[in-house]
Each structure stands twice: as structure tokens, then as C-alpha cells.
Amino acid sequence: MTEAFIFVFLGVMAASFIQRVTGFGFGIFIMTILPFIMPSYAEATALSGTLAMVTAFLTAVKYRKAVNWKKLLPILLTFIVVSFFAVLLLGSVNDRSLKLVLGVIMIVVSIYFFFLSERIHLPPTLPVQFGMGSLSALMGGLFAMQGPPAIVYFVSSAEDKDEYIALTQWYFFLGNLALTFFRASHGFLTPTVGKMWLVGLPAGFLGLYLGEKVYKKLPAGTIRKVVYAYMALAGILTLIFAR
């Protein structure tokens, strides 16, 4: 149990740091660790979501004046509705299958962001918001990794860096808040999740603090590339060691 606490603390600190500097990546990073520590995959998603909710909230409040609700609400409401059914589906799929699918998704997402993310630009139209919100909800409900589809939309629609951070952090905070209620109603918020949450919470604050320090100094693109490479490697290892 001590080793698990250490892995959770270090993992959450790194995930929060990445989230603060790049605007996303908490779930992508931490879900390469939690499924192999927590008793079940569902509990891993619950822990990831509750921690991501808190870390996103702190940054969201700071950038509250920069958020454009017209760009946010349609994709957010779509996410909340579809994620309810995604969480419902999670309880009927075995852990090994979910880990295998997660491994494939991490590899595909890392390849996408490495080679294609800067070539694709999406307008802030309702069909785009509904589509990205639905895909984000499926990935969020099943894998606690709702970021990639939403990021594709927010990067294209945001006017500047501050609006981008505001949109992403309010999306992750409110989306994870809804997911937490859905997961709680299905019994995924167990005492083990509570213990690990208490371990991860101060680590999240520390990661945010460190991320704030380098936000304006270290190019976010550099950290993103490191995250993508790590994600691809983690995806391969997940496929090898899924059990």
C-alpha cells in the first residue's frame, strides 16, 4: 500500500504539472498509472476524475473572466448527457478489455497529436461541438481521458492563450463534476478511492504550483511532445501487460 501511495502522489503531481502548463493531459498521464494500482478499472477512472476536477477548478477560477460560454456550453452539455451512458456501459465491460482498448487509444492519440493536430482546425459550429462533445464523453466515461477530442476543438476556436486555458479548465472541471456524480451513483467512489484522493490532493496542488512557475518560461509545445512520447510508450506497455 505504501508503494501505491508513492506512485499516486508522484503521478498526480506530474499530471497536474502537465495540465497547468499545456491546458490538458491530466487524465492522459495519470491513467497510465492508476489502472495498475487501483483494485478495479472503474475505481481508477473515479480517482482520476475527482482529482482532475479539483486541479481544473483552481485554474478555471483564476481565468474565469476569459471564458466564452457560447463556445463552451454546447460541447459541455453534450459531454454531460453522453457521458452518463458511457459510465453506465463501463460497469458491464471487464477490466482487461478496457485496458487493451486504453492502450490502443493512447497510441492513436499520441500519433495524432504528434503529426496531425496542427493541421486540423475546427470551427465553433454546433455540429462540431456536438460531435467532439460526444467523442469526448465516450473517452471520458470509459477511460477518464476526455481531453483529446475537446482539445482539438478548443485549440481551433480559442482567440488567444488565456481563452484557451479558460475554456479547457472550465470544461474539465464541470465535466468531471458531472462524471463524479454518475460514478458515485454506480458505486465507483469506494473507500480506497477516498484514501488515494487524500494522498493525491496535496500532490495536485504541488504540481499546479510548479506548473504555474514554468507556464511562461518553458514552451508548452516541448512538454506536449514529451507527454505524447510517454503516452505512446505507456500505450504499448499497457497492451503488453494488460491482465
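Being a predicted model, the structure only gives us computed values, none of them experimental.
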**Student:** Applying the 4.5 Å side-chain criterion to the ILVMFWY set and letting contacts propagate, would Leu135 and Leu73 be lumped into a single cluster?
**Tutor:**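 Unlinked, Leu135 and Leu73 end up in two clusters.
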
**Student:** Would you name the heavy atoms of Ser136 and Ala150 that are closest together and state the gap between them?
**Tutor:**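 Nearest pair, atom of Ser136 first, then Ala150: OG-CB, 4.2 Å.
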
**Student:** Could you give the distance from CZ (Phe85) to CG (Leu138), rounded to the nearest 0.5 Å?
**Tutor:**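 Between atom CZ of Phe85 and atom CG of Leu138 there are 11.5 Å.
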
**Student:** Output the distance between atom CZ (Phe79) and atom CD (Gln129), rounded to the nearest 0.5 Å.
**Tutor:**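 Here the rounded value is 15.0 Å.
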
**Student:** Apply side-chain contact (heavy atoms from CB on, under 4.5 Å) to residues Tyr209 and Met13 and explain how you reach the verdict.
**Tutor:** CA-CA 10 Å; Tyr209 173 78; Met13 182 176 66; over 6 Å; no

**Student:** Report yes if the side chains of Ile80 and Phe182 come closer than 4.5 Å at any heavy-atom pair, otherwise no.
**Tutor:**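 Yes. Closest side-chain heavy atoms under 4.5 Å.
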
**Student:** Which heavy atom of Ser48 sits nearest to which heavy atom of Ile30, and what is that distance?
**Tutor:**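 In this case the closest contact between Ser48 and Ile30 is OG-CG2, 3.3 Å.
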
**Student:** Please evaluate residues Thr190 and Glu43 with respect to the criterion side chain to side chain donor-acceptor pair (under 3.5 Å), reporting the C-alpha separation (whole Å), side-chain torsions for both, the decisive distance (0.1 Å), and the verdict.
**Tutor:** CA-CA 7 Å; Thr190 63; Glu43 288 169 286; 2.5 Å; yes

**Student:** Check whether any side-chain heavy atom of Arg20 sits under 4.5 Å from a side-chain heavy atom of Thr59, and report yes or no.
**Tutor:**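 Arg20 vs Thr59: side chains touch.
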
**Student:** Are Ile75 and Val82 in one and the same hydrophobic cluster, where Ile, Leu, Val, Met, Phe, Trp and Tyr link if side-chain heavy atoms are under 4.5 Å apart?
**Tutor:**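 Different hydrophobic clusters.
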
**Student:** Below 4.5 Å, heavy atoms only, C-beta onward: do Met196 and Leu34 meet side chain to side chain?
**Tutor:**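 Side-chain contact under 4.5 Å: no.
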
**Student:** Which heavy atom of Asn176 sits nearest to which heavy atom of Ala52, and what is that distance?
**Tutor:**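 Smallest heavy-atom distance, with atoms named: ND2-CB, 3.6 Å.
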
**Student:** Which residue in the set Val8, Val12, Ile6 passes side chain to side chain contact (heavy atoms under 4.5 Å, CB included) when paired with Leu10?
**Tutor:**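 Running side chain to side chain contact (heavy atoms under 4.5 Å, CB included) over Val8, Val12, Ile6 with Leu10 returns exactly one hit, Ile6.
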
**Student:** Please find the pair of heavy atoms, one from Leu189 and one from Ala184, that lie closest to each other, and give the distance.
**Tutor:**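 Distance-wise, the nearest heavy atoms are CD1-CB, 3.4 Å.
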
**Student:** Could you report the tightest heavy-atom contact between Ala46 and Phe188, atom names first, then the distance?
**Tutor:**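 Closest pair (atom of Ala46, atom of Phe188, distance): CB-O, 3.7 Å.
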
**Student:** Tell me if a side-chain donor or acceptor on Tyr63 pairs with a main-chain N or O of Leu167 at a distance below 3.5 Å.
**Tutor:**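 No; judged by distance alone, with no hydrogens or angles, the pair does not exist.
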
**Student:** Minimum heavy-atom separation for Tyr153 and Lys71, please, with both atom names.
**Tutor:**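 So the two residues come closest at OH-O, 2.8 Å.
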
**Student:** Please report the interatomic distance CH2(Trp197) to CG(Leu201), rounded to the nearest 0.5 Å.
**Tutor:**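 So the CH2 of Trp197 and the CG of Leu201 are separated by 4.5 Å.
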
**Student:** Determine the sole option in Leu47, Val193, Val87, Thr50 for which the side chain to side chain contact (heavy atoms under 4.5 Å, CB included) test with Arg183 is passed.
**Tutor:**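 Of all the options given, the one that passes is Val87.
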
**Student:** By the rule that ILVMFWY residues connect when side-chain heavy atoms come within less than 4.5 angstrom, directly or transitively, which residues belong alongside Leu77?
**Tutor:**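 In the cluster with Leu77 there is nothing else; it is isolated.
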
**Student:** Please round to the nearest 0.5 Å and tell me the distance separating atom CG of Leu126 and atom OG1 of Thr78.
**Tutor:**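 Between Leu126 CG and Thr78 OG1, I get 8.5 Å after rounding to 0.5 Å.
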
**Student:** Just verifying a value: how many Å separate Thr55 OG1 and Phe17 CZ, rounded to the nearest 0.5 Å?
**Tutor:**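 Taking OG1 in Thr55 and CZ in Phe17, the distance rounds to 14.0 Å.
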
**Student:** Just so I know, are the side chains of Leu208 and Leu58 near enough to count as touching, which here means a heavy-atom distance under 4.5 Å?
**Tutor:**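 A side-chain contact exists here, since the closest heavy-atom pair is under 4.5 Å.
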
**Student:** In terms of the angle between their ring planes, are Tyr171 and Phe154 parallel, tilted or perpendicular, with boundaries placed at 30° and 60°?
**Tutor:**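 Aromatic pair Tyr171/Phe154 classed perpendicular.
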
**Student:** Determine, using the 4.5 Å side-chain heavy-atom cutoff (strictly less than), whether Leu72 and Phe130 are members of one ILVMFWY cluster.
**Tutor:**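 Different clusters.
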
**Student:** Quick one: are Val67 and Gln169 in side-chain contact, heavy atoms under 4.5 Å?
**Tutor:**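 No - every pair of side-chain heavy atoms lies 4.5 Å or more apart.
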
**Student:** Would you give the length of the straight line joining atom CG of Leu210 to atom OG of Ser16, rounded to the nearest 0.5 angstrom?
**Tutor:**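 If I round to the nearest 0.5 Å, the distance is 10.0 Å.
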
